[in-house]
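A quick write-up on the structure given underneath.
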Amino acid sequence: MVEIIETVTDAIAIKLLNKNTVITGKGNELHLYKRVDEAIVENVLNVKLSNKIHGIEYYNSNVLLIYGEMEFILVRWRNDCDAFDEFYRAQLSDWISGAVFLDNDQIALLTAHSVVLRFQYDWKEGACDLLERVTCADDKSTLYCTHLYGSVWEDLVVFSGNAFGELLIWQPSLNQINENKENLKNSFLLHRINAHNGVIFSIDYNARNEMLITTSDDRALKWWKVKKDEHNWSTSHLQSLASSYGHVARVFRGLIFMEGAEVYAASVGEDSYFCLWLSNGELLFKRYQQHGAVIWNLAYDSDTRTVYTVGSCGNLIAYDLKDVFKQHMKLLLKPKILSKNTVEYIAKIKFLNEHELLGITSKNRLIKMQSNRRDFADEQKCHVIEETINFKCTVMEIYKNSIALAGYKRLVILLYNEISQQFRRIYDAEILESVIRSFVFFDSCKYLICDDQGNCMLMRDKIKCFFDLPKSKEPWLTAGLLLNGEQILLISNRQGHVLLYKYNEEENTFSLKHTLKNLHGNLGATKLTPIFVNESKALVCSSGHKSCLNRILVDFQEYVMKLCTKDNIPVAWVEDVVQLFKHSPVLLGFNDNHFVAWSKNYGFLLQIPCGGGHRCWDYVISKTEEKYITLAFIQNKNVVIYYHPLYNEALLLLPTAKQWHTSSCNIMEIYQRDDLNLNIVITGGEDNLIKIHNICEKGLKEKFELHHHISNIRTIRAAAVKDYEFFIFSGGGRAQLSITRLNVQNNHREELINHTIRNSEVSLKQLPNNKPDYNYEPETRLMALDILKVDDSYYKIYVGCSDGYLQVIKEENCVIVGCTDGGLKFFNTVLSECIYKIKHHQSGINALAVHYNAATRSVKMLSGGDDQAICYTELGFPGDSEWKILNKFSRSYWHTAQVTAACILPSGLYGITGSLDQNIYKINLKKGEILERFHSCIADIKGVSCWHYKTKDHFLIYGCGYQMFCFDD
């Protein structure tokens, strides 16, 4: 028997059982989510289908109907103990497109070719009897979506959509006897409407308002008004009202619902966005909901105003819409002292604290606004500060109770006493040669300033240190960081460079030692944050005006910097990084015309419309547990203030989302060190990401990602360096080879080599019959690689490419072995001779597992191919040049599709194979017999990996998702 440990794949079906209970179909499994105290707990039920679950229907008698592909089951829910008991299971001859419960213990199923089956069930007897079959006689097109409306047979209406963009409407109760088939009745279409320019993927109908919506792969959600008599659909009429466009890919599901008297629609799709629409077609709200994964379905709880979505990574993600429906706390701040003067306006603003805002006007007057409530309004105390600022202020910065005001050559620092509400000037001087453009507080007595000519001054405890930035068009700094006992200064400038300065104590100045160029575009970094610092080096994260976070290693001995990694993020403009969650920092910044807060674990926490990035804005986060954020910015010379909760309750209640590959996983490598209790899984996929995971009791837990590849990843190998540290060799599309050093103890990662094969390669080695000249193709893919460690600093990398050539990259041997003829070929390590050949398959080999036994001088090879066959050969080497086949078998009938996965267990006695038919076999390699088998719900299987963990052999089958399992002894 097989034990499934974890399944991560498409979750297509979802149903709300009550406000505290949600059930989803992940692959072929049922997952129950139930609220317990202040968290939602996930449990896997023991009820499963043979294939993926596509739909779940629920009736108030605590009976559930679960269906997928051609199978359906009926389940009784005993909600007092959350037990789910299956009482009936059946298999049809056609795919099930939709289902609904009817009164009097009946169900109706609609197949993909418009046949309605009506059943009578009895959960006490465990029976379900077919009452009648009705087909739509004038349409037999394949249905892509179905919506069944009605609770009694006589009122049941079928809404369905096909690949031609047609909306089909008919009533199965309006039927007549089929003369050719006694047990089949005919019904006819009432409406055939050309609704979309592509496949219709979903339909939903709201009877109360007689509104209907449809979604399609033309990226549209369409609104329809239904005009009909109470129960007569034959005289009905559909009128198109509006088309809503907000998605950038196929829209898979739409849902229509009401809040109060208003009608709304929600939609999800391939672009991973959730959109909320008004009935006039206007977009009200849009959120990146499933971390880039396809969203298949959604449900809405009107009691808690929470939307639930499920997607291709199997996650259930919730979002509370209360703050979306109610009016945001938005205020336009117009102090009365400025109302009579239409020329003067507030030009710069900063928060003094949670309740006080400081502004400076275009007339250089300082204005303080105070509020004891959650908002700032005209009636609040709002007065001009007596401190005179007789220069044009270009920079205003606040650190705790210190306020810095800078302009042409001049700097003024004020100290604010929150108790007495008084300001005191503690510094006022001309310090630089031109207009001051930048000011960075390190603490109250330590700051860095820069003018528009690149002249800088670092003030440390009243000691001034002057130095210059490199000359450029806009030579001032954007961010700064002191390191190594203030001997090292990192600076980002307006060219996007990061500069390293070393302090010269004798001359009391800083000298430029190293530059990393073009990390953040022309506007430079906005934040330099230390991740860790020791006596010899520091790791710094830089963020700014690019959708990435850069990790920079700073060497204090050599005074050099190295860019270790770039992590892509969905925030275009990062302004600040705050630590609100233990393991997931929150990035604050701008996306298009919104101010956003984003974390890796929870996605976008908030989105506030603000018109885009602003030169003058500020925020403050409340110190209470509720964590509200107050955002202030200047727009059209007005001060706009938003007050918004930073946490979304529904988002934080559910278990943290599993962030698996959003496209197919192509390759998996397992790295184990038993002496260190280290079990690491490395995966690469079509989404261009390499993911590093820990193996846990209940599955995989992601540690971090690598964003080094510009195209898909096809092959990965790991090689140990020392404790907790290893190399990752990876290759894929665009002929790209990447080598990365990882330390899984402190999560440090550093890309050592990123190489692309070009025409300029020094030399080539070719297989027989290859062309003598090599022409680089941009679409060349590195399909497979292996490594041979010569010593600690030298590795030979053998690479198999899609173009059939052998390459020599940087004087290291690289080999291509592409046996599309079904043969296995053996070459010597210098690739000069093909030593041995075996014909394994009739066509290409897709999967190959090799097990070498040094004691017996034998090698075992298990392969799978396009010919659907499994082939096994054991070779022995009695002499130096002698090859002998010890065992061999071929099984061409076990799998019914291409065999794409194969592995041999560490013992060498057993093998595992997998195919596109989703069947998994455990094989006795000596006898060529199947020992165990099961059908996996993972589609498009790409491979299988095995490892020994706690006395058992464990396996990971991967492709469109993954499944971790083991076989019982």
Side-chain angles (χ1 to χ4, degrees), residues 1 3-4 7 11-36 40-92 95-111 116-133 146-153 156 297 299-303 308 310 314 316 934-935 937:
M1 291 293 291
E3 176 191 352
I4 303 297
T7 300
I12 302 173
I14 180 172
K15 198 69 177 179
L16 294 175
L17 302 184
N18 55 50
K19 67 178 182 180
N20 294 319
T21 311
V22 182
I23 191 168
T24 69
K26 183 192 292 188
N28 65 338
E29 302 173 347
L30 282 175
H31 288 239
L32 185 72
Y33 297 83
K34 187 157 188 175
R35 182 161 183 167
V36 179
I40 294 178
V41 180
E42 178 184 8
N43 288 303
V44 182
L45 304 180
N46 58 3
V47 178
K48 296 181 180 180
L49 289 186
S50 302
N51 295 290
K52 286 182 180 177
I53 298 170
H54 289 170
I56 302 171
E57 295 297 329
Y58 173 61
Y59 195 58
N60 56 16
S61 62
N62 290 346
V63 176
L64 284 84
L65 168 63
I66 298 106
Y67 62 91
E69 296 192 8
M70 294 185 285
E71 182 183 20
F72 76 93
I73 59 175
L74 290 167
V75 176
R76 169 86 172 161
W77 176 34
R78 289 181 284 137
N79 54 8
D80 55 338
C81 58
D82 279 334
F84 290 79
D85 304 319
E86 175 189 335
F87 67 88
Y88 187 80
R89 180 183 293 258
Q91 190 88 10
L92 304 184
W95 277 51
I96 301 171
S97 180
V100 68
F101 276 98
L102 303 175
D103 291 344
N104 302 318
D105 296 338
Q106 294 182 5
I107 59 172
L109 303 177
L110 177 69
T111 70
V116 172
L117 307 172
R118 182 159 65 109
F119 293 89
Q120 182 86 41
Y121 67 87
D122 186 339
W123 66 268
K124 294 180 180 179
E125 298 294 331
C128 186
D129 300 321
L130 179 64
L131 299 181
E132 60 180 312
R133 297 170 66 236
T146 293
H147 177 69
L148 300 177
Y149 174 76
S151 58
V152 296
W153 175 252
L156 183 65
N297 209 339
Y300 179 71
D301 185 352
S302 58
D303 293 332
Y308 297 89
V310 289
L316 174 68
F934 82 99
H935 186 80
C937 62

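Just so it is clear, the values below take in all heavy atoms, side chains as well, and ignore hydrogens, waters and symmetry mates.
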Do the non-hydrogen side-chain atoms of [X] and [Y] ever get within less than 4.5 Å of each other?
X	Y	answer
Arg133	Leu117	yes
Leu45	Trp77	no
Tyr88	Val75	no
Val63	Asp105	no
Leu131	Gln106	yes
Tyr308	Asp301	yes
Asp303	Asn18	no

- prompt: Taking the six-membered ring for Trp, are Tyr121 and Phe87 parallel (under 30°), tilted (30 to 60°) or perpendicular (over 60°)?
  reply: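 Tyr121 vs Phe87 ring planes: tilted.
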- Task: Calculate, to the nearest 0.5 Å, the distance between atoms CG and OH belonging to Leu49 and Tyr67 respectively.
- Result: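 Leu49 CG to Tyr67 OH: 11.0 Å, rounded to 0.5 Å.
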Value rounded to 0.5 Å, distance of NZ in Lys48 from CD1 in Ile53
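These two atoms lie 10.0 Å from each other.
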Check for a donor-acceptor pair, side chain of [X] on one end and backbone N or O of [Y] on the other, with a separation under 3.5 Å.
X	Y	value
Asn297	Ile12	yes
Asn62	Arg78	no
Glu29	Thr7	no
Glu57	Gly98	no

Checking Asn51 against His935 for the side chain to side chain contact (heavy atoms under 4.5 Å, CB included) test, could you report, in this order, the C-alpha distance in whole Å, the side-chain angles of both residues, the deciding distance, and whether it holds? CA-CA 8 Å; Asn51 295 290; His935 186 80; 3.0 Å; yes
Taking atom CD of Glu125 as the centre, report whether more than 12 heavy atoms of other residues, nucleotides or ligands fall under 6.0 Å from it.
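No, because the 6.0 Å sphere around CD of Glu125 holds 12 heavy atoms or fewer from other groups.
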Looking at Val22, Asn43, Val44, which one forms a side-chain contact (heavy atoms from CB on, under 4.5 Å) with His31?
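The side-chain contact (heavy atoms from CB on, under 4.5 Å) with His31 is passed solely by Val44 among Val22, Asn43, Val44.
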Looking at Ile40, Ile14, Thr21, which one forms a side-chain contact (heavy atoms from CB on, under 4.5 Å) with Tyr33?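 Single side-chain contact (heavy atoms from CB on, under 4.5 Å) partner of Tyr33 among Ile40, Ile14, Thr21: Ile40.
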### Message
Please evaluate residues Tyr59 and Val100 with respect to the criterion side chain to side chain contact (heavy atoms under 4.5 Å, CB included), reporting the C-alpha separation (whole Å), side-chain torsions for both, the decisive distance (0.1 Å), and the verdict.
### Response
CA-CA 9 Å; Tyr59 195 58; Val100 68; over 6 Å; no
Item checked: Pair Phe72 + Phe119: ring centers closer than 6.0 Å ->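 Phe72 vs Phe119: aromatic centres under 6.0 Å.
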Full working for salt bridge (charged side-chain N to carboxylate O under 4.0 Å, His left out) between Glu69 and Lys52: CA-CA 7 Å; Glu69 296 192 8; Lys52 286 182 180 177; over 6 Å; no
Does Tyr58 form a side chain to side chain contact (heavy atoms under 4.5 Å, CB included) with Ile23? I'd like the steps, not just the answer. CA-CA 10 Å; Tyr58 173 61; Ile23 191 168; over 6 Å; no
### Verdict with reasoning, Leu102 to Arg118, per side chain to side chain contact (heavy atoms under 4.5 Å, CB included)
CA-CA 9 Å; Leu102 303 175; Arg118 182 159 65 109; 4.1 Å; yes
